[in-house]
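Counting starts at 1 for both ligands and their atoms, following the listed order.
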Amino acid sequence: MKIEKVLIATTNKGKLKEFRKLFQELGIQILSLDNMTERIKVEEDRKTFLENAIKKAKEYGDFYKIPVVAEDAGLEVEALGNYPGVYSARFYSIDFGGVYQIEKSIDYTNNKKLLDLLKNKDNRKARFVSVVVFYSPEDFGLWTEGYCYGKIAEKPEGEKGFGYDPVFIPEGYQKTMAQFDLEEKNRISHRGKAVRKLMEKLKDLLS
Ligand code: IMP
């Protein structure tokens, strides 16, 4: 079996940019949801990253009938009982530590809420989690995961990346993820790790 094209099932531009770079080396063409003329909406309403990623991969794969890579990712903060977790994208709006109105952007508001909740907290340990599912309708499906450990900064720094990058300092570094270039981020990130594991598994299966 030869895979020529995969659909990356995300509308998040930051994620898509990182996936594009990561898949380049495999010589597989990337399609995004923007390439699809007909659009379907898949709710991320499950309680775990894996269930959400499987749901997205299956629903898009069965609808478009092409291999799909779907990811569910997020930030887990130890002092917040691993919140925002699966609610990372819409943390500002959930009933945990107060509901925030969007100010400037969703990412800005999520980061503001997170920093407010951690004010005066000594334990700032956190990790990014990425669960990636590959699903080829009528062939097979597989999944991998990747983690990036670090801590939450006192204030946002940096303009690159997306989401919680400006407030996340990876272990062993003195700068936030938003101060990393794309390649550098992909080398150490949860997503980079999950995608590289996926490549290895796919290479084994497809060779
Ligand atoms: P989803 O996987 O599209 O449900 O959303 C993941 C959310 O987690 C994003 O909207 C971000 O807020 C956050 N997130 C996931 N990966 C990253 C990352 O690499 N950097 C910063 N934030 C991330």
Side-chain angles (χ1 to χ4, degrees), residues 7-22 32-34 41-57 59-60 68-77 80 82-94 96-97 100 102-115 117 126-134 143-153 156-171 173 175-196 198:
L7 169 68
I8 305 290
T10 185
T11 50
N12 179 320
K13 299 240 175 322
K15 268 191 185 185
L16 192 61
K17 205 166 150 193
E18 292 175 20
F19 272 114
R20 242 182 232 295
K21 185 99 194 140
L22 287 161
S32 81
L33 291 173
D34 290 333
K41 173 120 188 73
V42 179
E43 292 296 336
E44 293 180 34
D45 53 3
R46 301 293 156 89
K47 293 270 187 297
T48 65
F49 294 115
L50 180 58
E51 286 170 291
N52 275 329
I54 290 174
K55 185 177 179 208
K56 281 190 267 188
E59 289 190 23
Y60 285 116
V68 170
V69 168
E71 184 211 38
D72 199 36
L75 178 73
E76 293 183 339
V77 179
L80 303 180
N82 288 338
Y83 269 82
V86 289
Y87 306 106
S88 292
R90 54 191 164 96
F91 188 39
Y92 73 95
S93 68
I94 67 159
F96 176 95
Y100 280 46
I102 299 175
E103 216 186 299
K104 293 185 188 170
S105 69
I106 288 178
D107 284 347
Y108 175 90
T109 317
N110 282 337
N111 284 329
K112 185 170 190 295
K113 176 168 172 179
L114 179 63
L115 292 179
L117 291 177
R127 67 176 187 181
F128 275 127
V129 183
S130 163
V131 176
V132 174
V133 169
F134 173 89
W143 67 278
T144 57
E145 63 194 329
Y147 299 94
C148 181
Y149 290 84
K151 63 177 181 193
I152 302 302
E157 298 276 5
E159 305 292 328
K160 297 173 199 157
F162 67 96
Y164 297 91
D165 283 343
V167 297
F168 183 85
I169 302 175
E171 219 166 65
Y173 294 86
K175 59 181 181 179
T176 71
M177 201 67 122
Q179 295 172 305
F180 282 64
D181 289 334
L182 185 58
E183 272 143 72
E184 202 186 4
K185 177 178 172 185
N186 277 344
R187 256 200 308 278
I188 64 158
S189 79
H190 47 311
R191 184 164 303 107
K193 289 176 189 162
V195 170
R196 280 190 293 275
L198 182 77

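Close contacts of ligand 1 with Arg191, meaning ligand atoms under 4.0 Å from a residue heavy atom, involve 15 (C), 16 (N), 17 (C), 19 (O). Heavy-atom proximity to Phe128, at under 4.0 Å, picks out these atoms of ligand 1: 17 (C), 20 (N), 21 (C), 22 (N), 23 (C). Annotation for ligand 1: atoms under 4.0 Å from non-hydrogen atoms of Glu44 are 1 (P), 4 (O). Counting atoms of ligand 1 from 1 in the listed order, those under 4.0 Å from a heavy atom of His190 are 16 (N), 17 (C), 18 (C), 19 (O). Those atoms of ligand 1 that come under 4.0 Å of a heavy atom in Ala73, given as number and element, are 2 (O), 5 (O), 6 (C), 7 (C), 8 (O), 15 (C), 16 (N). Every atom of ligand 1 with a heavy atom of Asp72 under 4.0 Å away is listed here by number and element: 1 (P), 2 (O), 4 (O). Atoms of ligand 1 lying under 4.0 Å from at least one heavy atom of Lys185, given by number and element, are 18 (C), 19 (O), 20 (N).
Lys113 forms a cation-pi arrangement with Phe91, by the criterion of a distance under 6.0 Å to the ring centre and an angle within 45° of the ring axis.
The existence of a salt bridge linking Lys56 and Glu44 is confirmed by a sub-4.0 Å separation between a basic side-chain nitrogen and an acidic carboxylate oxygen. Of the charged side-chain nitrogens involved, none lies within less than 4.0 Å of a carboxylate oxygen, so that Asp72 and Lys55 do not count as a salt-bridged pair.
Within the structure, ligand 1 has Gly74 among the residues with a heavy atom less than 4.0 angstrom away.
Ring geometry for Phe96 versus Tyr83: interplanar angle under 30°, hence parallel rather than tilted (30 to 60°).
Taking both residues in full, the closest heavy atoms of Phe162 and Glu18 are given as CE2-OE2, 3.3 Å, listed atom of the first, atom of the second, then distance.
Atom 20 (N) of ligand 1 has its closest protein heavy atom at Asp165 OD1, 2.7 Å. Counting protein heavy atoms only, atom 8 (O) of ligand 1 is closest to Ser88 CB, 3.3 Å. Given atom 12 (O) of ligand 1, the protein heavy atom at minimum distance is Tyr164 CE1, 3.2 Å. At the shortest separation from atom 3 (O) of ligand 1 among protein heavy atoms lies Lys15 NZ, 3.1 Å. Taking atom 14 (N) of ligand 1 as the reference point, the nearest protein heavy-atom neighbour is Phe162 CE1, 4.0 Å.
In this structure, the side chain of Thr109 engages the main chain of Glu103 through a donor-acceptor pair within 3.5 Å. With Arg127 contributing its side chain and Asn82 its backbone, the two residues share no donor-acceptor pair below 3.5 Å.
Within the 4.0 Å heavy-atom criterion, neither part of Met177 lies near ligand 1.
In summary, the aromatic rings of Phe168 and Phe128 are positioned with their centroids under 6.0 Å apart.
For the 3.5 Å distance criterion, the side chains of Glu71 and Ser130 qualify, holding a donor opposite an acceptor.
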